[in-house]
Amino acid sequence: MLNKEFMARDLAVLWHPCTQMQDHESLPLIPIRSGQGVWLEDLEGKRYLDAISSWWVNIFGHNNPLISTAIKQQLDRLEHVILAGFSHEPAVELAERLVAMTPDRLSRVFYADNGSAAVEVALKMSFHYWLNRGEPRRQRFVNLSGSYHGETLGALALGDVSLYKDTYGPLLLEPIVAPSPDAWQGQEGEDSYDTAVRCLLEMEKILSANSGEICAVIVEPLIQCAGGMRMYHPHYLSGLRSLCDQYNVHLIADEIAVGFGRTGTMFACEQADISPDFMCLSKGLTGGYLPMSAVLTSEDVYSAFYSDYASLKGFLHSHSYTGNALACAAALATLDIFANQPVLENNVKLAALMMDSVSTLTDHPHVGEIRQTGMVLAIEMVKQRETREAWPWQERRGLEVYQYGLSQGVLLRPLGNIVYFMPPYVINAEEIALMGRVAIEGIERACSQ
Ligand code: PMP
């Protein structure tokens with residue numbers, strides 16, 4: 001009853017993200033009163049395992065004592081101060097540590113307050129860089145099919161998920177779309193490496209045909225997350241880095257979802273041993289506590305903006321909450337956990353358990369593929385295994401898995417027909433087994449009629 005009463009209050013005033021609000025005529029809304037580790041608890045005391053890290057942000061559990069304490073301590077000193085003309089210790093220490101831990105080329109940190117804003121910053125900086133360097137013809141960006149970079153107009157334009165994008169088409173700048181190296185969409189007889197090689201050839205054609213007009217190529221390294229947890233071979237990233245060097249365009253690595261250990265390495269770019277010109281970070285940056293993002297870039301980019309004021313070469317971009325001190329404190333505590341605990345080593349074991357937990361689905365007639373990169377595992381539900389024919393999206397089979405999951409106390413939130421696990425790294429073996437069992441049962445149900 002408590003949940004129901006709360007839901008009525010909520011629906012009288014709130015408009016929820018990424019939701020057709022009419023769905024809530026039949027779909028319950030879950031009011032959460034507390035969280036602990038991987039668990040969320042609703043007003044009636046029912047618990048839900050957060051198998052998706054609350055939109056991929058939470059990496060060390062809800063109510064993590066180390067992060068909570070760091071924020072409380074910061075709160076007694078300084079909550080926030082304008083970052084233009086002013087500065088503070090947590091902002092500088094965090095920037096120092098991010099520079100030290102990211103690939104070599106990245107030496108400058110620009111803060112923003114969410115992932116989409118970070119993408120906007122990277123796009124504007126890249127464009128403005130070329131302008132400052134005397135190349136005003138460079139006005140275009142290259143993205144990958146199936147990509148996702150956020151919801152603000154610039155970031156949305158650079159994505160390629162029609163569900164989110166098509167409606168707003170008339171408002172959006174038009175990128176040049178290169179084929180994704182997504183291994184699931186590989187051609188007959190190709191393995192993931194072959195797919196990467198083929199897609200690099202396509203990328204090269206685009207870069208050579210539009211020489212002098214492209215600012216940057218933007219990619220989600222290793223996993224196209226919102227596009228369906230589509231995974232690709234690291235060779236694509238190393239090849240892309242070489243092509244960007246060869247054709248003299250920037251490479252923007254959007255590590256917003258995959259950074260901070262998600263793919264098995266601290267940053268996904270490490271698996272290809274590359275350094276992008278811009279790296280966008282958010283989500284796990286604050287352990288999932290507070291909204292914050294950072295764009296890291298090179299000394300070369302920074303120096304192109306460094307001039308006298310009247311030249312208008314400066315980057316006059318700002319967000320009110322840039323470099324928020326509480327968010328910086330949360331991020332520093334998050335980095336401390338990585339520094340003091342064997343997180344990545346432990347994740348190797350957790351990742352293996354995740355795969356074990358759903359191994360019985362391997363030959364399931366409605367499972368096209370189970371794929372995994374580090375702490376992301378995805379199960380592609382299909383109408384027919386042999387042909388890989390997709391279930392029509394209108395049937396909303398993923399929604400059935402979601403509802404079944406909730407009934408069993410597991411928060412799974414499939415992306416269309418793709419059921420995935422992206423849990424906090426503090427999940428244990430028993431919880432993984434539960435997550436796996438509920439996913440299997442949910443998929444059985446969703447695919448049974
Ligand atoms: N880039 C990627 C790769 C993402 O996954 C997301 C969020 N899902 C974003 C950008 C946008 O981040 P935010 O939701 O914080 O705006």
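Remember, it's 1-based here, ligands and their atoms both numbered in the order they're listed. Just so it is clear, the structure is predicted and the values come from calculations on it, not from any experiment.
With respect to Arg198 and Glu202, no salt bridge is recorded, no charged nitrogen being found less than 4.0 Å from a carboxylate O.
Remark: the backbone N or O of Asp300 is not paired with any side-chain donor or acceptor of Arg105 at under 3.5 angstrom. At least one donor-acceptor pair under 3.5 Å links the side chain of Gln224 to the backbone N or O of Ser145. Remark: the backbone N or O of Gly154 is paired with a side-chain donor or acceptor of Glu120 at under 3.5 angstrom.
Listed by chain and number, residues touching ligand 1 at under 4.0 Å (heavy atoms only) are Trp56, Asn114, Gly115, Ser116, Tyr148, His149, Gly150, Glu220, Asp254, Ile256, Ala257, Lys283.
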Stepwise ring pair (Phe, Tyr, Trp, His ring centres under 6.0 Å) check, Phe60 with Phe338: CA-CA 10 Å; Phe60 293 124; Phe338 277 110; 5.0 Å; yes
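The distance between the ring centers of Tyr236 and Tyr193 does not fall below 6.0 angstrom.
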